[in-house]
Amino acid sequence: MDLKEIALAWTNAIVKPVDVQVLASQRKEICNVCEHKKQEFGIDVCKVCHCPLYAKVYSPYDSCPENKWPR
Ligand code: SF4
């Protein structure tokens, strides 16, 4: 992800537009039962890509490194 995509992900995580919220909810359900989710400094992180999941699930341009998210 480039800086523009990271900024969009965090903006979406704060503003929570309805269409992105639906996508994020689907992704969160998958991440919550994934063996690659871990806690680092009190936040959920993907241990494959090392991204904080709170923002990652809100990025329309991001993808799961293990191809577990719907396309
Ligand atoms: S992004 Fe993919 S690999 Fe990472 S925790 Fe979520 S489902 Fe697992």
Side-chain angles (χ1 to χ4, degrees):
M1 275 203 299
D2 63 24
L3 284 178
K4 194 172 163 186
E5 291 171 4
I6 292 169
L8 177 61
W10 280 102
T11 301
N12 283 343
I14 294 166
V15 177
K16 297 182 172 55
V18 174
D19 56 333
V20 180
Q21 182 67 41
V22 171
L23 177 68
S25 293
Q26 292 171 337
R27 290 172 169 180
K28 280 182 201 173
E29 282 183 25
I30 296 166
C31 291
N32 282 340
V33 294
C34 177
E35 71 275 19
H36 299 300
K37 186 183 98 169
K38 68 173 181 177
Q39 283 251 313
E40 266 184 13
F41 306 109
I43 61 169
D44 291 335
V45 173
C46 174
K47 66 182 179 185
V48 179
C49 65
H50 308 286
C51 293
L53 290 171
Y54 183 79
K56 181 178 177 68
V57 297
Y58 283 96
S59 173
Y61 304 112
D62 207 346
S63 59
C64 168
E66 296 292 318
N67 294 317
K68 293 186 176 191
W69 290 353
R71 297 191 178 249

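Keep in mind that what you see is a predicted model, and the values were worked out from it rather than measured. Remember, it's 1-based here, ligands and their atoms both numbered in the order they're listed.
For K47, the closest heavy-atom approach to ligand 1 does not fall below 4.0 Å.
The single protein non-hydrogen atom nearest to atom 2 (Fe) of ligand 1 is C64 SG, 2.3 Å, given as residue, atom name and distance. In terms of protein heavy-atom proximity, atom 6 (Fe) of ligand 1 is nearest to C31 SG, 2.4 Å.
When hydrophobic clusters are built by joining Ile, Leu, Val, Met, Phe, Trp and Tyr residues whose side-chain heavy atoms come closer than 4.5 Å, directly or via intermediates, V57 is grouped together with I30.
With 2.8 Å as the limit, H36 does not count as an N, O or S neighbour of atom 2 (Fe) of ligand 1. Within the 2.8 Å limit, C34 places at least one N, O or S atom next to atom 8 (Fe) of ligand 1. The distance from atom 4 (Fe) of ligand 1 to the nearest N/O/S atom of C46 is under 2.8 Å.
Inter-residue side-chain proximity for P52 and W10 is flagged as met; some heavy-atom pair is nearer than 4.5 Å. In this structure, C49 and K56 have side chains that are in contact, with non-hydrogen atoms separated by less than 4.5 Å.
Interatomic distance, OH of Y61 versus CD1 of I6, reported as 14.0 Å (0.5 Å rounding).
Sorted by first and then second residue, the side-chain hydrogen bond (donor to acceptor under 3.5 Å, both in side chains) pairs involving residues 22-31 (not counting sequence neighbours) are K28-Y58.
Residue A55 comes nearest to A13 through the heavy atom pair CA-CB, 4.4 Å, listed as atom of the first residue, atom of the second, then distance.
Residue contact check: K56 has heavy atoms under 4.0 Å from atoms 1 (S) of ligand 1.
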